[in-house]
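All chains are named by letter (A, B, ...) in the order of the sequence lines, taking the proteins before the strands, and each is independently numbered beginning at 1.
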Number of protein chains: 2
Amino acid sequence: MSNALSAIERFSRYPLGESQSVHCPVRDVLDRIGDKWSMLMIMALAMRPHRFSELHRAVHDISKRMLTQTLRDLERDGLITRHVFPTKPPSVEYRLAPLGQSLLDPMAGLIDWADRCHGDIHAARARFDATHGDVPRQVFPARSKVPPVHKKMA
Amino acid sequence: MSNALSAIERFSRYPLGESQSVHCPVRDVLDRIGDKWSMLMIMALAMRPHRFSELHRAVHDISKRMLTQTLRDLERDGLITRHVFPTKPPSVEYRLAPLGQSLLDPMAGLIDWADRCHGDIHAARARFDATHGDVPRQVFPARSKVPPVHKKMA
DNA sequence: CAGAATCCTCATTGATACTG
DNA sequence: CAGTATCAATGAGGATTCTG
């Protein structure tokens, strides 16, 4: 539980700010799996190869548009591979590339953490909401300016 | 490199789709650290406590608005704590809560992965772009409909 | 200094219709 | 089936201004 610091410190040699994710590994990884669907895709494909529709059914609250785009980005980054079988109708299978496999362990660590801690998190959240429910942080009397009429009126 | 599957499978017992991040640990963790700044904050605070402005300088391409909001969310979830020193001018210090500490190891695993693999990823990306540069996926002749004039014309 | 409040823009996503 | 193309809506995030 302390070798984490080594990674943190190694990371901290980067500017940490302003880097356009070119040098900063944190932003790099977040841009890759931090989006809404990539990690779900990786998870599904970790079990076994899936066809397009299978993935759609597995996640089923993703739109076809985002499914296509997410898979395309993952393929582009070399995390998954795409195999087209020229049947009729066509059938396309996606599988985890070795690079994607190498991501499974780090991801599993994160999932384990989420599993262990989501209870504490929800508890903390409930506590926070109960405490700071009102009184946001400081109390600004909200000097009356203009009545909040704020409609763009097409 | 195989105990990852245990986590994956444990995860796969969840519906995987449609869950509003209430039951799905993957979405849970992504909603928490998958945003643009949370992980950076955790990293910075992993080294030592920081004051508001210190964090702003450390990241310095975050706006004060997002800095405030991100810190607030992290505090709400119990990952960091906030200590107000009633000096003049006020000074507020943020530190990692135990719950936040527990996240360091999983995060470090991810950072390590990013460090090791971003080279391969960029290579794969360049390869993909060179290959599929045009010819997106299938070749649709793009039946001429309307010229792509598509400006909202305020 | 450490935020809050307001406004506004653009990127991400969803919905729909179409195709080989 | 496995996408593509287009449009519409949402929401995250930035810029600015104000306060104790």
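Distance from the side chain of B:Lys64 is smallest to C:dG3 among C:dC1, D:dA2, C:dG3. Taking every side-chain heavy atom of A:Phe52 into account, D:dA2 is the closest of D:dA2, C:dG3, D:dG20.
Taking 4.0 Å as the cut-off between side-chain N and carboxylate O, B:Asp28 and B:Arg32 count as a salt-bridged pair.
In this structure, A:Asp73 atom CG and C:dA11 atom C1' are separated by 14 Å, rounded to whole Å. Look at CZ on A:Arg27: it is 12 Å from P on D:dG13, rounded to the nearest Å. For A:His56 and D:dC1, the NE2 to P distance is 11 Å, given to the nearest whole Å. Distance NE2 (B:His83) to P (C:dG3): 13 Å, rounded to an integer number of Å. B:Leu67 places its CG atom 12 Å from the C1' atom of C:dC1, with the value rounded to the nearest Å. The distance between atom CZ of B:Phe85 and atom C1' of C:dG3, rounded to the nearest whole Å, is 17 Å.
With sequence neighbours left out, the side-chain contact (heavy atoms from CB on, under 4.5 Å) criterion links A:Ala46 to A:Leu96, A:Leu104, B:Ile8. Judged as a side chain to side chain donor-acceptor pair (under 3.5 Å), and not counting sequence neighbours, B:Arg127 has no contacts. In terms of the side chain to side chain donor-acceptor pair (under 3.5 Å) criterion, A:Thr70 has no residue partners (sequence neighbours excluded).
Within the structure, the salt bridge (charged side-chain N to carboxylate O under 4.0 Å, His left out) test picks out the following pairs touching residues 51-60 of chain A (sequence neighbours left out): A:Arg48-A:Glu54. Judged as a salt bridge (charged side-chain N to carboxylate O under 4.0 Å, His left out), the pairs with a partner in residues 93-104 of chain B (not counting sequence neighbours) are, in order, B:Glu93-B:Arg95.
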Protein and nucleotides 12-15 of chain C: nitrogen or oxygen contacts under 3.5 angstrom:
unit_1 : atom_1 : unit_2  : atom_2 : d
C:dG14 : OP1    : A:Lys36 : NZ     : 3.4
C:dG14 : O6     : A:Arg65 : NE     : 2.8

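For C:dC1, neither phosphate oxygen OP1 nor OP2 lies less than 4.0 angstrom from any side-chain nitrogen or oxygen of B:Tyr94. The phosphate of C:dA4 has neither OP1 nor OP2 within less than 4.0 Å of any side-chain N or O from B:Arg72.
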